[in-house]
Structure formats: C-alpha cells, structure tokens
Amino acid sequence: MFAEQANALENQLRSQRNVFNQPFEEPLRALRDAAQQMRATAEKDAEGLILNPFRAGDPLSDAEGPELFRGRETAVGHIEEILSDATRSASLQLLAPRRAGKTSLLKMLPRLLPDTICVFFDLQAHPVATTGAFWGKLAEQARIQAKLDRRAELPPLPDGPPMEAASRWLEMLDQLPGGRRVLIAIDEFERLQDLFPGSRQEFLQLMGLFRATIQHRRGVRLLVSGSAPFDELDGVWDDHFISARQIKLPFLEREASVGLLSQPAPEFPSGVIPIEVAEEVYRRTGGQPFLLQVFGSLLVGRLNDEKRQVARVDDVQAVEGRAIEWAETYFRDAYRSAPAPAREALARLIQGQTANPTPLARRWLTQRYLLTPDERLSIPLFGAWIEHHALV
Ligand SMILES: Nc1ncnc2c1ncn2[C@@H]1O[C@H](COP(=O)(O)OP(=O)(O)OP(=O)(O)O)[C@@H](O)[C@H]1O
Ligand SMILES: [Mg+2]
C-alpha cells in the first residue's frame, strides 16, 4: 500500500522534474528505503528470523551502515586538529594495513567533520591516465560531493593547460567564502604512480603541485590513504608530501568490538549475541574490523539456519572454519607479503614458542598490528589460517 503510493508520487515527481520538486526526490527515496527495510524486518520476524545487519567486505559510509562504524575517535581527532591549524602547512597520510577500515573512515568523514568540505577520491573507481583527466575527475567529484553533503557550490576546473588549470582551481578552493576548509582525500594513493605509464615527468609535475598546495594553500588539506609507509615507497612521496602527519588505524578496542557485535544496529534485538560470545569473537580476531563483521554475519546466519534466537560461545568455534574461508584473500595477501623472518616469527608463535622476531620482522608485524604488546599473535584466527594451510 505504502509502496504503491510512494511509486505514484515518485512518478509524478519524475514527470515534472524541476528545481522545485527535485529536493523531494531524495527524502522520498529515503522514505521508500525505510519502508522496504521495515517490510523486510517484518517478514523476517514473521518467520522468526534475525535480520543480518553486519557488512563484511564493502566499506561503510553514511549510506551503507553508518551505525556499524565504531571507534576511530583518535584518528578523527588527529585529522580535525591538523585541519584546524591554519598556521602550519601539513598533509596527512592515513596508513593502515589492508581491510583495516581506511576507505570506511574516509567515506564517513563528511559526517564526522561537519565543518569541512570533504572530497573522497578513489583511484580504483576513477582510473585516470593523464594529469588532465585526474584533475577533471577530481574537480567533478569535488563539486558533486560538496553539493550533496554540504549544499555548497565549488568552482569548476578552469579551462587551459591541465597543470595551470589545476593550480588556479586549488587557489579558488583555498578562498572559499566564509573561509570553509576543504579536505581532499585520495584513497589507494600508491596507484597514482602507475596511472601515468611512460610519463614520469607528468607524475612529478602532479606531485609538485601537491607539494605547493601543502605549502601555500592552508584552506585545502591533502590526505592520502594507503597501506605502505612513504619510506617503503619511491622517495618521491617523502619529498613531496612535506610535513606529512601519519594517521593510523589500529584494530578496534575491546569495548567497541563487543558493542559492535552485541548491538550492531539500534533495531537489532539485544541478547542475540550475548557479551560473552562477543568477547570470544574479540579474542579470536583481536578486534580486526573486517573479521568482526565476518563473525557477526556468520553467527546471525547460523542462528537463522538453526532457528535459534541466542548465540552461544561454542557457535564461535563452529563458524570459525567458514570465517577462515571468507577471509581467505585477506589472510593470503597478508601472509604472502610477509618477509621470511616475519613468517618464521609467526611459525614460532603458532607452535607456542616465543616470537623472538628479528628487528625487521618485529617492525613488519607491528606495523600490521599482528603482535600484541606482550608479543603474542593478535589475531589467533590468522594462526588458524596458517595451520589450516599447513604452512608451519
Ligand atoms: N570503524 C569500523 N567499525 C566497524 N567495522 C568497520 C570499521 N571500519 C571498517 N569496518 C569493516 O571492515 C571492512 C573493511 O573496511 P574497508 O574497506 O574500509 O577497509 P580498507 O582498509 O579500505 O580495506 P582495503 O585495504 O582492502 O581497501 C568493511 O567490511 C567494514 O564493514
Ligand atoms: Mg579501501
């Protein structure tokens, strides 16, 4: 009934699309989505099933499960601090291992930093091959996002040779009315270098402009996000991202992890994943956010399969094999990228010996949050994966 009326209303709006009724499209869509969600919940309830709120895989955002986004107060606090200090030039590097929640944080920034115009630019989604295309896409994305999130008009990229146009555009962004600050976040920045095949010159020009922006445009801050520290990359990053402040994303704390699992969404019935079950998941995963979501999903799935309403600690053990399968790529990438001394330290830990890592191995493991302060394996599930593949 509601769905029919919403459809009729939407058709009416569509047939006379203009500036007056356009503002209604978004709320109407939201209302319809909410109704759909309510219907799904009602249907599940009718069957006695629990609706799965967890999202293991895709990044979270304001539109995709913002209520699942937990922790990160420290990282956001750092970003805020750097943004608000207009007296100093600075850039930001968000540095965290794979699947740690980099993209989710960047996508949540518009909500977390309400005074800043946040521009999210994903090099994976926009594989640009020239500097002209890079600035064209970036300016286009910036305008779309500013309008959507802030109802703000950003200037378009001026005409002219790409680098000059970009330089003028950045100058305009630096002088927005009301002194509004702009944060340009480039996700998967390591790819940037590979985007300009055969033209190192073009890449260096781009980096030169980044450097000038960092130095002179205090109203525009640049953030790059990736999983390799600058000192492991081409020296060009260190040279150009001057005064870069590193923002790290450790795994979620115990409290945030347990909160996520036991109350992932306001409408999730309490007691379905009891605290002691959530704690067991935290113990097996060390609070690694992707793995928490995987376990959450698997636990709800198991309860539904068995037509039960409350998870038990032994359910965690029961779904572990499937969690390992789900996270196969994540574990395989982590293991394959490990240098030999780090693998050896991992093997010792799994066999119950002390890690005794070489300095290189310790650095490698610590940067990926794989060692606890007392040098145990922070993700026991990773150990189970290694054993599963008989790699020790
Ligand atoms: N703050 C958070 N709270 C709860 N879950 C999170 C959080 N951040 C990320 N996740 C979960 O972890 C998973 C990975 O997140 P995301 O894609 O943002 O990580 P990433 O670091 O960008 O990964 P990649 O290196 O593969 O690009 C997502 O499925 C998401 O649900
Ligand atoms: Mg990502």
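Only a predicted model underlies this, so the values are computations on that prediction, with no experimental measurement involved. Whatever order the structure lists them in is the order used to number ligands and atoms, beginning at 1. Note: hydrogens, waters and symmetry copies are ignored here, and every other heavy atom, side chains too, is used.
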Heteroatom proximity flag, F69 to ligand 1, N/O under 3.5 Å: no
W385-E328 side chain donor-acceptor pair, cut-off 3.5 Å: yes
Pick from L106, L68, D58: the one approaching atom 4 (C) of ligand 1 most closely through a non-hydrogen atom: L68
Short N or O distance, L105 and ligand 1, threshold 3.5 Å exclusive: no
Selection from F54, F290, Y330 by shortest heavy-atom distance to atom 12 (O) of ligand 1: F290
Aromatic ring proximity, centroids under 6.0 angstrom, F230 and F189: yes
Test item, A100 contacting ligand 1 (heavy atom, 4.0 angstrom): yes
Atom 23 (O) of ligand 1 [closest protein heavy-atom partner, distance rounded to 0.1 Å]: R99 N, 3.0 Å
G57 N/O to ligand 1 N/O under 3.5 Å: yes
N, O or S from S225 under 2.8 Å to the Mg ion (ligand 2): no
Of T131, I214, L170, the residue whose pairing with L209 passes side chain to side chain contact (heavy atoms under 4.5 Å, CB included): L170
Proximity flag S227 to ligand 1, non-hydrogen atoms under 4.0 Å: no
Partner of D315 by salt bridge (charged side-chain N to carboxylate O under 4.0 Å, His left out), out of R302, R322, R284: R302
Contact with ligand 1 for K107, non-hydrogen, under 4.0 angstrom: no
